[in-house]
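Right, one structure below, let's go through it.
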Amino acid sequence: MGLIVQKYGGTSVKDVKHIQNVAQRVANSRDRGNDVIVVLSAMAGVTDNLIKLAEEASESPDEREMDTLLATGEQTTIALLSIILNSMGYPAKSLLGFQAGITTNSSFSRARIVNINGQVIKDLLNDGNIVVIAGFQGWDDNRNITTLGRGGSDTSAVAIAASVNADACEIYTDVDGIYTADPNVCDKSRKLKKISYDEMLEMSSLGAKVLQIRSVEFAKKYNVPIHVRSSFNEEEGTMVVNEDADMEQLVVSGVTCNKNETRITLKKVPDQPGISAKIFTPISKAGIVVDMIIQNTRSGGDTDLTFTVQKTDFKKAVEISEKIAKEVNAAEVVTAENIAKVSVTGVGMKSHAGVAATMFTALANENINIRLISTSEIRISCMIEEKYSELAVRVLHSAFGLDKE
Ligand code: ASP
Ligand code: MG
């Protein structure tokens, strides 16, 4: 018995039949004596369709109105679930973000939650209701509706769980947990029983799309354990929690692959102080996030400077690079779009030697050339040609002993 937050994603509420399945799960949890708060996404595909409508309506839709539009998807699902629960005899009340007291800053389309006044929610719970809250949305101090960025209902759920001090935060999705690798790529991948917040953060930013990154940051900050599980079966999923001692026994807990990056090299850049700043200042001013950077000094007194940016920023980054290349007298700009970043992540790396060597050897055995390398305390990433990315995931998965029997 306790207070439980359950979040259901788009594929779990994609039509009335699926919402009925969700209602049954919520009712079961209630029958076990729990107080239940449900956080919902829009039906699968609905947010994408709303974006298309706005693009049809205008080339550059007004930001405020865009959020007002996108927030409608979740209104449909919370009302339908509450209708179903009430007709099953379980009192339920739906709340939009603002009604639930969720205040955000004013950054439309990527707003951050600044406060949740949990009182409304608590009062409804005390009156015996199941409380059904629209994910992905809130409002700002000027009463504007805001949204939290794609996948933002995960963050809503974790923030609500933190604000009411819930005993559990369950995120229901269409996969049954976090895997050691994408099961579509590696059929020997295994479901992890638990994973640390830091590993999950690295893996989310590397392209494992199960949880919105911000929800994990929130969970870490407020120490909310997340249970990622499927809404289509009763199996236990994966717990995302604080690091503990037995997590370190596994050197690597996951292999991920991100095909969303591109590479830009400025050749023969003069080797002088201030050149890197000259190059990366305009890039950052353009709002472009740079991921990997590598600089090789040649004997002749100049350097090659290589960096990677997301595919969506590629064109802009190349334009800027070409302009700067001229200014600093670099020889040329060369680019590559068909690249992929494969990464191994694990808190065990902190206490085990030889992880990089194992990774490089496994790739070398398949004749896969490594173009760039970057590391963090618990991750090693290699940039390779995109066509080898799936092979790379599989060989690394077995090299680190992750294959299931
Ligand atoms: N409906 C929103 C989206 O599609 C939020 C979410 O599903 O988490 O991004
Ligand atoms: Mg999602």
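Counting starts at 1 for both ligands and their atoms, following the listed order.
Not a single heavy atom of Gly73 lies less than 4.0 angstrom from ligand 1.
Here Asp154 pairs with Lys7 in a salt bridge; the nearest charged N to carboxylate O distance falls below 4.0 Å.
Counting only N and O atoms by type, the side chains of Glu261 and Thr308 include a donor and acceptor under 3.5 Å apart.
The neighbour count for Glu377 CD, taken as heavy atoms of other residues, nucleotides or ligands under 6.0 Å away, does not exceed 12.
Residue, atom and distance of the protein heavy atom nearest to atom 3 (C) of ligand 1 are Arg150 NE, 3.4 Å. Nearest to atom 7 (O) of ligand 1 among the protein's heavy atoms is Ser41 OG, 3.0 Å. With respect to atom 6 (C) of ligand 1, the closest heavy atom belonging to the protein is Ser153 OG, 3.1 Å.
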Which is it for Ile178 and Lys191 under the side-chain contact (heavy atoms from CB on, under 4.5 Å) test, yes or no, and what are the steps along the way? CA-CA 6 Å; Ile178 312 294; Lys191 184 167 72 182; over 6 Å; no
Please step through side-chain contact (heavy atoms from CB on, under 4.5 Å) for the pair Leu372 and Thr306, ending with a clear verdict. CA-CA 9 Å; Leu372 291 176; Thr306 300; 3.9 Å; yes
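Of the candidates Glu74, Gln137, Gln212, it is Glu74 that places a heavy atom closest to atom 1 (N) of ligand 1.
Against a heavy-atom cut-off of under 4.0 Å, Gly151 is close to the following atoms of ligand 1: 3 (C), 5 (C), 6 (C), 8 (O), 9 (O).
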